[in-house]
Amino acid sequence: MRALQLQRLTGPEGLEQVELAEPEAGDGVLIDVVAAGVSFPDLLLTHGQYQMKPEVPFVPGVEVAGVVRAAPAGARVKAGDRVMGFSFTLGGFAEACVVAPELAFPIPPAWSFEQAAGVVMNYHTAHFALHRRGQLRAGETVVVHGAAGGVGTAAVQVAKGAGARVVAVVGDARKAEVATRAGADVVLLAKDWPAGVREATEGRGADVVLDVVGGDVFDKSLKALAPEGRLLVVGFASGQIPSVAVNRLLLRNVSVVGVAWGAFLMQAPELTDTIARDLDALAARGIVNPVVGSVFPLEDGAKALRELESRQAVGKVVLKVKPG
């Protein structure tokens, strides 16, 4: 099979297209991959900067969509089904990939493979962040940073599905259009978002802030919280990991909450079923509708990762692996 293999920890340029033996299904779900999601962890992996540090050479990619070739008895999917999946063992940038049965889900009929390719990690992360960790309630105001990206657009839609008012923060007018299309109620540019949040909440502040950026965005987000507000730490796209003086939490009665969906699944794998059912219901209502950005052919995986690195990406960046 064709695959993109990282042969050097030199960033996206370390990827090379190679021919590899197809993986064996074992007790997993073997998927003929049509599309693969491109994520920020994939980019970090190419630099050797992610918490998971596999030895080179390896095939990156954790998000796939395609058609089941083989599945074990008792799995929720069967041979011939259109599915989307998540692979803890990487291997998604290839024509075939194996995922655990509990992390393979049917694709809603209205969705394309490209839409489905970025769903499991992004939407399950957003749902876990807002509901399990953020304890989001209907009527609350949620600020979503990086709201035009893959996780950001997912968070906008999941928050809307919870009955929240969503304030999206983006970098430019092009990204503002994407956040609006995702369903945001208010869209603010990053250069002046704190004042915009104060205005949108009549000075009260946000009940929940979802931060994928870190750095000084984290500091400003902490100040933008309403009493008993929750700041959800999802990632550090800026490359800067912030710190906090905890007396600020005490004096203002606010919380900083860590979000690591993948790590939590190791402790509570049954959570995937709960989240999947809720997302299916939101998809049926048209609230969850994945936003696809650039689609690259498999051989252009390095270009796809560079688009993420340059922070020019909008929606979900996808690799088209084969027709489907």
Side-chain angles (χ1 to χ4, degrees), residues 6 23 27-29 31 33 35-55 58-65 75-77 83-94 97-105 116-136 144-146 149-155 157-158 210-214 230-237 239 241 256-279 288 290 305 308 316-319:
L6 188 73
D27 58 0
V29 176
I31 299 172
V33 178
V38 180
S39 67
F40 196 70
D42 295 321
L43 175 62
L44 294 177
L45 279 165
T46 68
H47 289 284
Q49 295 174 346
Y50 196 55
Q51 54 259 40
M52 179 194 303
K53 299 187 185 299
E55 292 186 10
F58 65 88
V59 176
V62 294
E63 308 168 280
V64 296
R76 67 167 67 86
V77 298
V83 297
M84 49 192 175
F86 177 86
S87 172
F88 275 115
T89 55
L90 308 179
F93 291 0
C97 181
V98 175
V99 306
E102 63 271 18
L103 291 173
F105 306 91
V119 166
V120 178
M121 183 167 72
N122 287 347
Y123 280 84
H124 281 242
T125 294
H127 192 287
F128 174 69
L130 292 167
H131 286 279
R132 178 78 181 223
R133 302 295 293 138
Q135 298 294 301
L136 180 63
V144 177
H145 290 291
V151 174
T153 52
Q157 294 178 357
V158 171
L210 188 144
D211 179 19
V212 298
V213 181
R230 291 85 74 198
L231 173 51
L232 308 180
V233 180
V234 180
F236 312 106
I241 299 176
V256 174
V257 183
V259 177
W261 167 73
F264 195 82
L265 284 190
M266 302 293 187
Q267 306 166 40
E270 68 279 1
L271 183 64
T272 58
D273 283 332
T274 301
I275 293 176
R277 284 194 298 270
D278 197 20
L279 292 176
V288 164
L305 287 168
L308 282 184
K316 183 63 184 182
V317 178
V318 174
L319 297 182

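Computed from heavy atoms alone, side chains included, the values below leave out hydrogens, waters and symmetry copies.
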Seminar exercise, completed: Heavy-atom closest pair (Asp211 atom, Val213 atom, distance to 0.1 Å) is OD1-N, 2.7 Å

Problem set entry | Minimum heavy-atom distance Val99-Leu103, with the two atoms named | CG2-O, 4.2 Å

Exercise. Atom CG of Asp42 and atom CG of Leu308: how far apart are they, to the nearest 0.5 Å?
Worked result: 8.0 Å

Seminar exercise, completed: Taking every heavy atom of Thr153 against every heavy atom of Gly150, the minimum-distance pair comes out as OG1-O, 3.2 Å

Problem set entry | No-hydrogen, no-angle side-chain donor-acceptor test under 3.5 Å, Thr125 and Asn122 | no

Problem set entry | Distance, nearest 0.5 Å, that separates CG of Leu6 from NE2 of His47 | 9.5 Å

Exercise. So, the side chain of Gln135 versus the backbone of His131: is there a donor-acceptor pair under 3.5 Å, distance only?
Worked result: yes

Seminar exercise, completed: Here the gap from Leu265 atom CG to Ile275 atom CD1, rounded to the nearest 0.5 Å, amounts to 7.0 Å

For this session: Indicate yes or no for a side-chain donor-acceptor contact from Arg76 to the backbone of Glu102 under 3.5 Å, with no hydrogens or angles considered.
Result: yes

Exercise. Taking all atoms of both residues into account, what is the closest heavy-atom pair of Val62 and Met121, and its distance?
Worked result: CG2-SD, 4.0 Å

Problem set entry | Neighbour count above 12 (heavy atom, 6.0 Å) for Asp273 CG | yes

For this session: Taking the side chain as every heavy atom from C-beta outward, state whether Val257 and Leu232 have any pair of such atoms under 4.5 Å apart.
Result: yes

Exercise. For the atom pair CD1 (Ile31) and CE (Met84), what is the distance rounded to the nearest 0.5 Å?
Worked result: 10.5 Å

Problem set entry | From CG (Leu319) to CD (Glu63), nearest 0.5 Å | 10.5 Å

For this session: With the side chain counted from C-beta on, respond yes when Val59 and Cys97 share a heavy-atom pair under 4.5 Å apart, and no when they do not.
Result: no

Exercise. So, do Val144 and Val151 sit near enough that their side-chain heavy atoms are less than 4.5 Å apart?
Worked result: no

Exercise. Can you tell if the side chain of Phe40 reaches within under 4.5 Å of the side chain of Val212, non-hydrogen atoms only?
Worked result: no

Problem set entry | Side chain to side chain, Val98 and Val29, heavy atoms closer than 4.5 Å | no

Exercise. Is there a side-chain contact between Pro54 and Leu90 (heavy atoms, below 4.5 Å)?
Worked result: yes

Exercise. Would Val158 and Leu279 count as a side chain to side chain contact (heavy atoms under 4.5 Å, CB included) if you check the C-alpha gap in whole Å, the side-chain angles of each, and the deciding distance to 0.1 Å?
Worked result: CA-CA 8 Å; Val158 171; Leu279 292 176; 4.1 Å; yes

Exercise. Rounded to the nearest 0.5 Å, what separation is found between the CZ atom of Phe86 and the OG atom of Ser39?
Worked result: 8.0 Å

Problem set entry | Geometric class of the Phe128/Phe264 ring pair [parallel <30°, tilted 30-60°, perpendicular >60°] | tilted

For this session: For the residue pair Phe105 and His124, establish whether any side-chain heavy-atom pair is separated by less than 4.5 Å.
Result: yes

Exercise. Would a 4.5 Å heavy-atom cut-off, applied to side chains only, mark His127 and Trp261 as touching?
Worked result: no

Problem set entry | Nearest heavy-atom neighbours spanning Phe88 and Gly262 | CZ-O, 3.7 Å

Problem set entry | Closest contact, heavy atoms only, Ala36 versus Gly92 | CB-O, 3.5 Å

Exercise. Does Lys316 reach the main-chain N or O of Val38 with its side chain, forming a donor-acceptor pair under 3.5 Å?
Worked result: yes

